[in-house]
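Here is the naming used below: chain letters follow the sequence lines, and residue numbers restart at 1 for every chain.
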Amino acid sequence: MKALQHSPFWALSVAILRGFLRDRAAVFFAVVFPLMFLVLFGGILGNQDQSKVDLIQVGAVPLVDGLPKDARAAFRQTFEVEHAKDRAAALEKVRKGDADVAVEQRGDRLVAHYTQTDQVKAAVTQGTLRAFVDGANVAATGQPPTYSFAAERVEDESLSVIQFVTPGLLGWAVAMSAAFGSAATLQGWRQSKLLRRLQLAPVGTGTIVAARVAVTLLVAFGQLAIFLALGAAAFGLTLTGSWWMAIPLVAVGTLCFMAIGLLAGALAKTTEGAVNLANFLVLPMAFLSGSFFPLDGAPAWLQRLSDLLPLKHFNSGMLDVMVRGEGPAAALAPLGILAGFAVVVTLLAARLFRWETT
Amino acid sequence: MSAIHVTGLTKRYGDLVAVDAVSLDVAEGEFVGVLGPNGAGKTTLLEMVEGLRRPDAGGVEVLGEPVWPRNPRLQPRIGVQLQASSFFERLTAREQIRTFASLYGVGQTTADGWLERVGLADKAGSRVEDLSGGQAQRLSIACALVHDPELVFLDEPTAALDPQARRNLWDLLSSINDSGRTVVLTTHYMDEAEVLCDRVAVMDHGRILQFDTPAALVRGLDAPARIRVAPGALTAEQAGAIPGVTETRADVDGVVLVTRDPAAVIGALAAGDHLDGVTVQTGTLEDVFLSLTGREYRA
């Protein structure tokens with residue numbers, strides 16, 4: 001350990017890490033910015049499935065009022081009930097969007113006045129009310145129902161929005177900081193001639209690269225730890241069986257995105273240009289790789305296009321092992337694809353690499 | 001053995017010949033200046049000697065070793081300060097020099113000692129971005145010297161410094177070859193080369209035009225001396241009558257006597273009791289430089 005601490009590798013790694021930690025913008029974009037999205041998605045979208053339908057009950061509605069206790073509880077789970085006397089005012093409220101549905105009972109007929117503004121809620125409202133009417137009809141016959149219905153979720157009970165967004169956002173965060181880090185270092189060091197200066201020191205290129213990779217890996221594992229900790233502590237993220245396969249995935253993914261950053265750094269002529277180019281490559285890739293929203297609804301050609309992006313494979317591997325409960329083997333194909341990507345892009349970057357901008 | 005042995009060194013960039021068949025030898029312990037206008041090829045020459053650039057033709061031996069391809073035996077023996085301040089971003093002065101020390105396997109105490117020596121002990125905790133131009137150059141020089149190299153290259157260490165900071169740096173620069181270290185410095189300041197260097201190579205258009213001691217260069221110029229006499233002491237006619245004076249010019253500040261025999265003219269002035277306020281200006285390296293490189297303006 002003592003010997004390591006005085007080695008050029010250690011000295012370079014510490015210098016790079018200090019440079020990163022003191023760069024507020026870099027730390028913000030690597031950690032805080034993606035976490036803001038996690039809070040946004042985990043906190044806001046996470047509550048969407050519990051969002052109730054606002055129902056105004058106009059006058060007396062015996063069908064609802066007379067529900068047995070357990071059916072009443074179920075009813076309350078879907079609807080937030082409000083009572084009103086004035087029918088016109090209630091309809092006006094629905095029209096304005098202050099309520100989702102107004103319900104009145106005319107004799108034996110239950111009439112629901114709904115708005116089509118939110119189509120999902122409109123469908124839920126109609127389906128649920130119809131089910132309650134059917135249930136009441138069956139109860140009115142005094143006969144036990146012939147058929148019964150039970151709903152069971154396929155996934156783990158805990159599979160909420162946070163489970164889906166955490167791996168994807170983490171993928172985006174890792175890709176962003178790995179690509180920006182290597183692009184900015186390469187360009188910045190080339191511009192300040194530090195690269196030249198290091199070339200004249202008794203330090204091999206391998207040592208310089210190893211130090212940069214070590215620091216980027218450390219940052220990526222830091223991101224992983226922070227994401228998992230915050231997800232679990234604040235939003236109820238629950239990891240499944242072989243989540244530890246996320247560690248090799250993050251490692252190989254980091255190498256792959258570093259290679260993309262190196263390519264950007266080799267192509268661009270200024271530090272700003274390198275960072276912009278890295279951004280240009282990473283942000284659309286994050287969108288097309290399902291980092292922000294699932295691609296299941298996307299057209300087939302777009303999904304096929306996304307198969308060409310390394311982040312897509314990173315994200316799907318992370319989802320499989322972290323939340324879908326798949327075994328370690330599920331990560332092997334993404335690992336192979338990412339490694340292949342890393343090798344090809346690194347070779348390309350090395351071919352385009354120049355020691356100086358001139 | 002010479003510290004640097006260069007023969008027929010040539011580098012072309014397309015049609016431009018940046019360095020044109022340069023040969024030169026620098027002895028061990030010498031302080032050598034490479035003087036030339038911007039774009040003369042000084043930096044390219046230096047980079048080839050340092051082993052950073054591959055020459056198109058010619059050979060370079062430094063401390064008895066070939067420099068190309070990258071020679072790992074040579075790197076610990078040479079120190080380099082590049083034109084830009086090549087620092088790790090956002091490190092303090094102390095962290096900076098300690099990092100460079102570690103790259104050369106040098107201990108931290110030695111590194112801190114260098115910080116002290118270049119007068120940056122009180123700036124040790126400041127980030128490099130917060131150092132003044134002069135302080136940054138001092139740090140950069142300290143980083144080049146931290147492993148006690150036998151040969152040091154300094155590429156325009158005083159460029160972009162104000163006159164005070166420049167003079168200030170001279171003391172440091174003149175002290176770094178005290179211990180027998182060989183120093184190669186590029187500059188475009190004549191006064192700097194004259195004060196610091198044992199020998200000066202005047203370079204332009206990729207060629208070394210002259211390579212000699214500053215005094216020999218000035219002597220070789222054979223420029224006349226200009227003697228200025230205080231106003232009212234002499235008229236231009238009287239001055240012109242002194243033997244040895246080839247030309248006179250009168251203005252509000254007095255009379256200027258141009259001569260190739262300043263000793264005789266000053267003797268005559270002394271005999272006539274006209275020595276009050278006399279100033280003598282002989283050729284400077286600047287005259288040498290301008291006579292060699294021409295006077296047309298270059299950006």
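Other residues, nucleotides and ligands contribute more than 12 heavy atoms inside 6.0 Å of the CD atom of Glu28(B). The number of heavy atoms from other shown groups lying within 6.0 Å of CZ (Phe28(A)) is above 12. Residue-environment remark: CZ (Arg77(B)) exceeds the threshold of 12 foreign heavy atoms within 6.0 Å. Heavy-atom neighbours of Trp170(B) CH2 from other residues, nucleotides or ligands within 6.0 Å: above the threshold of 12. The environment of Lys11(B) atom NZ is dense: over 12 non-hydrogen atoms of other residues, nucleotides or ligands sit within 6.0 angstrom. The neighbour count for Arg70(B) CZ, taken as heavy atoms of other residues, nucleotides or ligands under 6.0 Å away, is above 12.
For Arg98(B), no part sits under 4.5 Å from any heavy atom of chain A, backbone or side chain. For chain A, no part of Arg73(B) is nearby; none of its heavy atoms comes within less than 4.5 Å. With a threshold of 4.5 angstrom between heavy atoms, Leu195(A) does not approach chain B through any atom at all. If you measure heavy-atom distances from Phe100(B) to chain A, the contacts under 4.5 Å come from the side chain alone.
Between Lys193(A) atom NZ and Leu52(B) atom CG the span is 8.5 Å, to the nearest 0.5 Å. Residue Glu47(B) holds its CD atom at 9.0 Å from CG of Leu200(A), rounded to the nearest 0.5 Å.
Side chains of Val14(A) and Phe88(B) form no contact here, defined as non-hydrogen atoms less than 4.5 Å apart. Between Leu103(B) and Leu12(A), some side-chain heavy-atom pair lies under the 4.5 Å cut-off. Counting heavy atoms from C-beta on, the side chains of Glu89(B) and Asp23(A) never come closer than 4.5 Å.
For the pair Pro8(A) and Ser102(B), the tightest heavy-atom approach, listed with the atom from each and the gap, is CG-O, 3.9 Å. Counting all heavy atoms, side chain and backbone alike, Tyr104(B) lies closest to Pro202(A) at CE2-CD, 3.1 Å. Of all the heavy atoms in Leu82(B) and Arg196(A), the pair that sits closest is CD1-CB, 3.6 Å. Taking each heavy atom of Gln199(A) and Gln75(B) in turn, the nearest pair found is O-NE2, 3.7 Å.
Looking only at distances, no side-chain donor or acceptor of Arg90(B) sits under 3.5 Å from a matching main-chain atom of Leu21(A). For the pair Ser86(B) (side chain) and Ser192(A) (backbone), a donor-acceptor distance under 3.5 Å is present.
In summary, Glu95(B) and Arg22(A) engage in a salt bridge, as defined by a charged side-chain N under 4.0 Å from a carboxylate O.
Looking only at heavy-atom pairs under 4.5 Å with chain B, the residue among Leu198(A), Val203(A), Thr207(A), Leu194(A) that has the most is Leu194(A).
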